[in-house]
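Not measured: the values here are computed from a predicted model.
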Amino acid sequence: MRTSLWRAEYGYKIPVAEVEERLRTICDGPLVEKARFLVPYAGLTWEVDVHEGALAGLVLAEVELDHEGHSTTYWVPSLR
C-alpha cells in the first residue's frame, strides 16, 4: 500500500528504432490520442491531458511538486 505521494521516475533517451520495436511488439489495442496543455497555476506548471478517440472525455492533470510537503491549491477548470 502506498503511504506517500513520492515515486521514483526515470528519464533517458531511447533510440527511435527501439521505440518502434517496442510499439510493434508490446503494445496492443488502440493508441492513446490526446492533446497536452501546459498550464501555469499557483506557481507550478500543470500538465493537462485532454483525451480523444477511445478515451474521449477523460481529462487528467499532473503537477511536479518541489517536495512531498509542498502544499498547493487545486482547481477544476471548465472545459466547455
Side-chain angles (χ1 to χ4, degrees):
M1 181 168 109
R2 178 174 273 192
T3 58
S4 73
L5 297 174
W6 182 90
R7 67 180 172 137
E9 190 171 291
Y10 305 93
Y12 51 89
K13 293 182 179 184
I14 302 173
V16 172
E18 186 176 336
V19 172
E20 290 171 344
E21 177 65 18
R22 288 181 185 193
L23 288 173
R24 270 195 310 278
T25 60
I26 297 173
C27 300
D28 59 355
L31 293 177
V32 173
E33 302 173 60
K34 66 182 179 182
R36 173 166 285 171
F37 301 92
L38 300 179
V39 180
Y41 181 77
L44 300 167
T45 300
W46 294 72
E47 294 179 1
V48 180
D49 293 339
V50 179
H51 290 76
E52 301 165 356
L55 297 175
L58 176 63
V59 177
L60 299 174
E62 178 182 359
V63 66
E64 298 286 335
L65 301 176
D66 295 332
H67 52 83
E68 191 170 340
H70 187 134
S71 177
T72 188
T73 302
Y74 300 95
W75 95 111
V76 178
S78 172
L79 298 176
R80 298 180 198 263

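- Using a 4.5 Å cut-off on side-chain heavy atoms (C-beta onward), Leu44 and Leu65 make contact.
- Hydrophobic clustering (ILVMFWY, side-chain heavy atoms < 4.5 Å, transitive): Leu23 and Tyr12 are in one cluster.
- The heavy-atom pair separating Tyr41 from Trp46 by the smallest distance is O-NE1, 3.5 Å.
- Residues Glu64 and Glu9 have side chains in contact (heavy-atom distance under 4.5 Å, counting atoms from C-beta outward).
- Side-chain N or O atoms of His51 include none that pairs as donor or acceptor with a backbone N or O of Ala56 at under 3.5 Å.
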Could you go through residues 30-40 and list every donor-acceptor pair under 3.5 Å that involves a side-chain atom there, pairing it with any protein atom two or more places apart or in another chain?
unit_1: Lys34; atom_1: NZ; unit_2: Asp49; atom_2: OD2; d: 3.1
unit_1: Arg36; atom_1: NE; unit_2: Asp49; atom_2: OD1; d: 2.7
unit_1: Arg36; atom_1: NH2; unit_2: Asp49; atom_2: OD1; d: 3.4
unit_1: Arg36; atom_1: NH2; unit_2: Asp49; atom_2: OD2; d: 2.9

| request: Could you give me the CA-CA distance, side-chain angles and deciding distance for Val48 and Val59, then say whether side-chain contact (heavy atoms from CB on, under 4.5 Å) is met? | output: CA-CA 7 Å; Val48 180; Val59 177; 3.9 Å; yes
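- Residue Ile14 comes nearest to Val19 through the heavy atom pair CG2-CG2, 3.7 Å, listed as atom of the first residue, atom of the second, then distance.
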